[in-house]
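All values reported here derive from a predicted model rather than from experimental measurement. Proteins get letters first, then strands, A, B, ... in listed order; numbering begins at 1 in each.
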Amino acid sequence: MPELPEVETVRDGLERHVVGRRVTGVEVRRPASIRRHLGGAADLTGRLVGREFTAAVRRGKFLWLPLGAPESDDALLAHLGMSGQLLVRADPAEGGDHRHLRVRLLLDDGGALDFVDQRTFGHLAVVDLEPTADGRPGGAGSAAALVPGPAAHIARDLLDPALDREALARALRRKRTVVKRALLDQTLMSGVGNIYADEGLWRARVHPEHPTPDLTAEQAHRVLDGVTEVMRDALRQGGTSFDALYVNVNGASGYFDRSLAVYGQGGRACPRCGAPVVREKFMNRSSHFCPVCQPR
DNA sequence: CCATAATCCTGTACGC
DNA sequence: TGCGTACAGGATTATG
């Protein structure tokens, strides 16, 4: 499924192949996929046709394409959810009959941008851009200090060059909760999901339910560094599966198969010490950790 | 401020 | 073989 590194790979692909294109038509095949666009399919179409994509920006797992020509502070916002893909088609004859094609944008170069989403947890919407709280650029790919309204409350992510890591480490330790829950709190830092939380904590040798107020400054930085590194590693691998014409979101084949130390490895040997990896229920999902390397 | 549960959805993997 | 069920997951909203 698309996580922050896969979304960044998509952003990069959109920057290369879609920025500068103008929308000539919109097909909404599954209204649920635009449920967050107030006004429905007709309004979405009206706000897109004739407009040009001027950039490709990402913060956490939110992705947006600011719209220009005519200039206005709005953007096409995308969240891929669990199964979303944005696929660039050189020829609309390709992919038009895909089972899970939800929204198709026709472009002025004769191609198309397809939103494919099996489970429809993702969505597209045209939304207004707002100034960020700190007045600094929005995130990867951004030149302007503007973010989409629905993503305005999302914190910077761990790969954002403008992130203040010292301040984040302090904020992490101020939280009155446990460390994994804090990692998943998008208002504290964005882009971390279940997989990277588990993998990052394993790298940092910290138990998922370690209370945040009990973290030492050194531990807090180790946790942030662990999550950052695992996402950087994944991004490197995600980048390799990128194809010029096909904006790949195939996180499963690019990354999941190989480098996971604990996620989904319940019962198997910890790559560091050989102890069986534990899988536990946590927050209505699963936590995976090594009981020896990550003592409670 | 923090925690929990419900909500959205569908393909896959089970047990019987 | 087929049927039912649990599960996977992020973001949002409501409620305690």
Side-chain angles (χ1 to χ4, degrees), chain A residues 1-8 10-11 28-38 40 58-64 77-86 98-103 115-125 127 139 147-158 170-200 208-215 227 230-231 234 249-257 260 262-267 277 279-288:
Chain A
M1 73 213 67
E3 296 278 341
L4 185 151
E6 289 75 29
V7 179
E8 173 58 20
V10 172
R11 188 203 67 77
V28 176
R29 305 217 182 162
R30 176 70 76 101
S33 290
I34 60 156
R35 64 194 175 281
R36 302 212 167 262
H37 181 89
L38 307 177
R58 179 192 58 75
R59 176 180 281 204
K61 295 178 219 170
F62 283 86
L63 181 63
W64 64 95
L77 175 66
H79 195 294
L80 303 178
M82 320 245 332
S83 55
Q85 294 173 282
L86 282 167
H98 194 294
R99 267 170 77 69
H100 304 305
L101 176 57
R102 307 308 189 194
V103 182
F115 181 62
V116 172
D117 190 12
Q118 176 199 106
R119 296 191 219 177
T120 46
F121 268 34
H123 67 270
L124 295 184
V127 299
V147 294
H153 66 294
I154 300 296
R156 291 182 184 284
D157 62 65
L158 291 167
R170 284 195 298 274
L172 177 63
R173 297 170 69 204
R174 271 201 307 273
K175 280 276 173 189
R176 301 160 88 80
T177 183
V178 295
V179 63
K180 179 165 173 184
R181 192 181 286 277
L183 291 178
L184 297 174
D185 180 351
Q186 303 296 301
T187 66
L188 190 61
M189 71 195 90
S190 65
V192 182
N194 206 37
I195 296 165
Y196 293 110
D198 283 1
E199 291 296 312
E209 299 193 55
H210 192 105
T212 41
D214 296 349
L215 286 170
V227 179
V230 76
M231 292 199 295
V249 189
N250 192 358
S253 65
Y255 175 61
F256 287 18
D257 296 339
L260 295 177
V262 288
Y263 182 83
Q265 311 295 312
V277 169
R279 172 180 166 162
E280 254 180 27
K281 278 279 169 201
F282 178 75
M283 288 176 73
N284 254 350
R285 51 178 60 105
S286 295
S287 269
H288 311 76

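- Here C:dA8 presents its P atom at 15 Å from CG of A:L260, a figure rounded to the nearest Å.
- Using modelled atom types and a 3.5 Å distance limit, the side chains of A:S286 and A:R279 yield a donor-acceptor pair.
- The side chain of A:H100 lies closest to B:dG11 when the candidates are B:dC2, B:dG11, C:dT12.
- No salt bridge links A:E209 with A:K180; every basic N to acidic carboxylate O contact stays at or beyond 4.0 Å.
- A:E199 contributes no side-chain N or O that, together with a main-chain N or O of A:L260, makes up a donor-acceptor pair within less than 3.5 Å.
- Both A:G191 and A:R279 lie close to DNA chain C; mapped to their nearest nucleotides by heavy-atom distance, the more 5′-ward contact belongs to A:R279.
- In this structure, A:S286 reaches the sugar-phosphate backbone alone: every heavy-atom distance under 4.0 Å involves primed, P, OP1 or OP2 atoms, never a base.
- One can place CG of A:D185 at 12 Å from C1' of C:dA11, the figure rounded to the nearest angstrom.
- Atom CG in A:L77 sits about 18 Å away from atom P in C:dG10, given to the nearest Å.
- Judged purely by atom type and a 3.5 angstrom limit, A:R35 has no side-chain atom pairing as donor or acceptor with the backbone of A:H123.
- Straight-line distance from the CG atom of A:L188 to the C1' atom of C:dG10: 17 Å, rounded to whole Å.
- Residue-level contact check: A:H123 touches neither bases nor backbone, having no heavy atom under 4.0 Å from any strand.
- A:K175 has no side-chain polar atom (N or O) that falls below the 4.0 Å cut-off from OP1 or OP2 of B:dC1.
- Atom CG of A:D117 and atom P of C:dA11 are 14 Å apart (whole Å).
- Using modelled atom types, no side-chain atom of A:S287 and backbone atom of A:E280 make a donor-acceptor pair closer than 3.5 Å.
- In this model, no donor atom of one side chain and acceptor atom of the other lie less than 3.5 Å apart for A:D117 and A:H100.
- C:dG10 atom P lies 13 Å from atom CG of A:L80, rounded to whole Å.
- A sub-4.0 Å separation between OP1 or OP2 of C:dA11 and a side-chain N or O of A:H79 is present.
- A side-chain donor-acceptor contact under 3.5 Å links A:R102 to the backbone of A:Q118.
- In this structure, the separation between CG on A:L183 and CG on A:N194 is 10.5 Å, given to the nearest 0.5 Å.
- Contact annotation for A:G193: backbone-only contact, meaning every heavy-atom pair under 4.0 Å involves sugar-phosphate atoms and none involves a base.
- Computed from coordinates, the A:M189 CE to C:dG10 C1' distance equals 16 Å when rounded to whole Å.
- When the C1' atoms of four end pairs are superposed on the next four at each end of the helix from B:dC2-C:dG16 to B:dC16-C:dG2, using five pairs per end, the two resulting axes differ in direction by 50°, to 10°.
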Reading nucleotides 3-9 of chain B 5' to 3', which nucleotides get B (base under 4.0 Å from a protein heavy atom), which S (sugar-phosphate only), which -? SB---BB
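- Atom C1' of nucleotide B:dC2 and atom CG of A:L184 are separated by 15 Å, given to the nearest angstrom.
- For A:K281, counting side-chain heavy atoms from C-beta on, the closest listed nucleotide (C:dA8, B:dG11, C:dT12) is C:dA8.
- Around atom CG of A:D214, more than 12 heavy atoms belonging to other residues, nucleotides or ligands sit under 6.0 Å away.
- Contact check on A:R58 versus A:D157 returns a salt bridge, with a Lys/Arg side-chain nitrogen under 4.0 Å from an Asp/Glu carboxylate oxygen.
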